[in-house]
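Chain letters run A, B, ... following the sequence lines, proteins first and then strands; every chain starts at 1.
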Protein chains: 2
Amino acid sequence: MATMHDVARLARVSVSTVSYVLTGTRPISDATRARVLEAMAELDYQPNAMARGLATRRSRIVGLLMPMSERGFGATETAFVTGAAAAASDAGYHLVLSPIGAGDLDDLRRLASQRMVDGVALMEVQIEDGRVGVLQETGVPLVLIGRTSDTTGLSYVDIDFDQTVREAVDHLVGLGHRRIVYVNHSAATIAAGYGPALRTRDSFVAAMTGYGLEPLMIPAEDSAAGGRAALAQAMTQAPDLTAVLAMNENAIFGILAELAVRRRAVPGDVSVVSMVTSPAVAELAYPALTAMTSPGSALGRIAVEALLRQLDGTGAHHQQLLPCALEVRGSTCPAARPDNELTGTGLPGG
Amino acid sequence: MATMHDVARLARVSVSTVSYVLTGTRPISDATRARVLEAMAELDYQPNAMARGLATRRSRIVGLLMPMSERGFGATETAFVTGAAAAASDAGYHLVLSPIGAGDLDDLRRLASQRMVDGVALMEVQIEDGRVGVLQETGVPLVLIGRTSDTTGLSYVDIDFDQTVREAVDHLVGLGHRRIVYVNHSAATIAAGYGPALRTRDSFVAAMTGYGLEPLMIPAEDSAAGGRAALAQAMTQAPDLTAVLAMNENAIFGILAELAVRRRAVPGDVSVVSMVTSPAVAELAYPALTAMTSPGSALGRIAVEALLRQLDGTGAHHQQLLPCALEVRGSTCPAARPDNELTGTGLPGG
DNA sequence: TCCGATCGTCGAAGCGTTTCGACTAACCGG
DNA sequence: CCGGTTAGTCGAAACGCTTCGACGATCGGA
């Protein structure tokens, strides 16, 4: 491992000159610069990251706080990670993964105080998330993938759940569906203050009541079994349902299975829309699912880019909501039996 | 940010004494130790990771080289990552994610020479993988998740594909199936030297010919569409098939869909076994898939633990194969029409 | 022609640790 | 009571980089 010293000696300049060539902090004559670069090439020199980090007090590492929750890691979350890693890599930063959740505040305090990371991105943000406070105390720049309840002075990137739900409901109502059930995450997850579950719930209620329809929400465990149970419950509470809107990426396959068992054709008898879903997952089902496709890796990328801008000083707080895009596939179609009650309450032209 | 200096001053000792308390390298009297610890607590002291790294020439960071391939990231690969992150975290190490594949050797050389990582784990290992050579040149300890063709002197953890395939074939043959099709990854993936695709292919051929059966393998693009195409092709080449063995986690749903379209009941007409699959994914299908469940996060954990042992000096090369466990669910049953040709060729008792 | 800027370079002082050599005091066996 | 360990502590020198202040040389303007 060649050091800067070796380069300086070989190029017959001082160490500081080598450093200036590297950082561009001060002007260097073309002749000298050439000599130095040549020496570097010859010695196969690479600056030592630790030494540079110590001197600059910047590690060029950003952290991704990725709690490994009960919910597990769906395709959507995985896309955040890969997007974040790519963005960091593009900017010459490294991305360290830490399985630190809203509970492990001591671990976080340690990580933050060690000054190993220049900034962090938080995943799986709870409505009230203690990690934000800890990071602010320790002065570590942060950006949320998700949102807390109070976001003043914070940077975040999140899915625009409100618009996403609204669009999904619009799509179904536009097809003539009136009896729509929303299958959310589990009751425990909702109680824990998981933002997406909360926000979509509220948006669903708003969208449905806006149409004068009854908003029926059913929680489901994050598994196929949970989905089946949820659909069973839905059929009991609303035997006349013609459409299901599902937030829960794991439960959706259970919902489809239970519909199959009950001989309700998709989309003939029941239309299904999957929310915040990656195309790859939507294509797995048969028929392929009409879905609100999540921004996926873009979310992770944007979050890290915002964080890096914050570190540079360029760009302060960045708050952005990305909508999911409706992609109509095979799991939705016009409602089966347009009852007479259907007319009247200001449906959209769709 | 309190430094060691501050602690030393407050505790009225020298800086080195504080360091000895922290590292335990030299004996310290109980009284002094207590004073120092108290000072640390009072100042909320955390050692600076960069400084420590510079002095010890160890960053306490390990890298996970995780190429973001065309193949994307299935549940199985995600499990590797989470397992690795957890293992690193448990040992007080950090895990940095680098999207460095077998192609980006320059990026890797840079990462390795910067001495930012103490060691690395390689994912998505190709049969001939240039990354191994680069890391060995730069003297960075490494462990493979997967295997190259020549593994002498290397540490690796991999799935025991041979046994996994054998068990799956045994299961099907034991149920009376004779006409079994193996759906592998895509032809391009195989050509690129992706180990799992190659090894399972060879093992399948060996297992089938061992039973005196014809080994029919069909490659499939890693998507539902690819799975459907593959099954169509299989039905053409072997209209009498009664069982499908699928390696391709993405294609499997396409296979099921195409079977449904062709009105071949699962498992009544065709039994399906999914290889190297997580239970969560197996449960998504209806009926739930009989599968060889992958060791998942255990693989990532074991790999990182082996790497850390290598860094400590305790433990040299670690080579380990983990089998997938057969979990019988609803997608397999005895073969439908036991033709007369079925008897004779030494079937297992099962 | 002289002055102040600017350019190009150097030496040295950090950055916050670890670790080596040295020193003192206490302790042990003879 | 003495020489040799050992326990406990200190100061200073690394580790490999950045950055500050200084200095000679060059240059443009009055």
Problem - Nearest listed nucleotide, side chain of B/Tyr20, among C/dC10, C/dT17, D/dG11 - result: D/dG11
Practice task
Please confirm whether the backbone N or O of B/Arg60 pairs with a side-chain atom of B/Arg52, one donor and one acceptor, at under 3.5 Å?
Solution key: no
Fill in the blank from the handout: Atom CZ of B/Arg58 and atom P of C/dG16 are separated, to the nearest Å, by 23 Å
Fill in the blank from the handout: To the nearest angstrom, the CG-C1' distance between B/Asp30 and D/dG8 comes to 12 Å
Exercise for the section: Please test A/Ser19 against A/Ser16 for side-chain hydrogen bond (donor to acceptor under 3.5 Å, both in side chains), starting from the C-alpha separation and ending with a verdict. Expected result: CA-CA 5 Å; A/Ser19 176; A/Ser16 43; over 6 Å; no
Practice task
Please report, rounded to the nearest Å, how far the P atom of D/dC17 is from the CG atom of A/Leu43.
Solution key: 12 Å
Exercise for the section: Using atom types as modelled and distance alone, determine if a side-chain donor or acceptor of B/Glu77 lies under 3.5 Å from a backbone N or O of B/Met123. Expected result: no
Practice task
Could you tell me whether B/Ser29 contacts a base, only the sugar-phosphate backbone, or nothing, with contacts defined as non-hydrogen atoms closer than 4.0 Å?
Solution key: sugar-phosphate
Exercise for the section: Ignoring backbone atoms, establish whether B/Arg52 has a side-chain N or O less than 4.0 Å from OP1 or OP2 of C/dG16. Expected result: no
Practice task
Send over the distance from B/Met1 CE to C/dT17 C1', rounded to a whole Å.
Solution key: 16 Å
Exercise for the section: Classify the nucleic acid contact of B/Thr56 as base, sugar-phosphate or nothing, counting any heavy atom under 4.0 Å across all strands shown. Expected result: sugar-phosphate
Exercise for the section: Tell me which nucleotide among C/dT18, D/dC17, C/dG21 gets nearest to the side chain of B/Arg26. Expected result: C/dG21
Practice task
Could you check how far CG of A/Leu22 sits from P of D/dT19, rounded to whole Å?
Solution key: 11 Å
Practice task
Could you tell me the separation between the CZ atom of A/Arg57 and the P atom of D/dT19, rounded to a whole number of Å?
Solution key: 8 Å
Problem - Touch class at under 4.0 angstrom, heavy-atom based, for B/Thr3 against every strand present - result: sugar-phosphate
Exercise for the section: Taking only the side-chain heavy atoms of A/Val13 (C-beta and beyond), determine which of D/dC17, C/dC10, C/dT17 contains the nearest atom. Expected result: C/dC10
Exercise for the section: Check every strand shown and say whether A/Pro27 touches a base, only sugar-phosphate, or nothing at a heavy-atom separation below 4.0 Å. Expected result: base
Exercise for the section: Report yes or no: does A/Ser89 contribute a side-chain atom to a donor-acceptor pair with the main-chain N or O of A/Ala85 at less than 3.5 Å? Expected result: no
Handout entry: Per A/Met4 side chain, nearest of listed nucleotides C/dG8, C/dT18, D/dC17
Key = D/dC17
Completion exercise
Of C/dT17, D/dT9, D/dG16, the nucleotide closest to the side chain of A/Ala55 is D/dG16
Handout entry: Greater than 12 external heavy atoms within 6.0 Å of B/Glu38's CD
Key = no
Handout entry: Minimum-distance nucleotide to A/Ala51 side chain [options: C/dC10, D/dT18, D/dG16]
Key = D/dG16
Practice task
Answer with base, sugar-phosphate or nothing: what part of the nucleic acid does A/Leu54 contact at a heavy-atom distance below 4.0 Å?
Solution key: base
Exercise for the section: Using only side-chain N and O atoms of A/Ser19, determine if any of them is under 4.0 Å from OP1 or OP2 of D/dT18. Expected result: yes
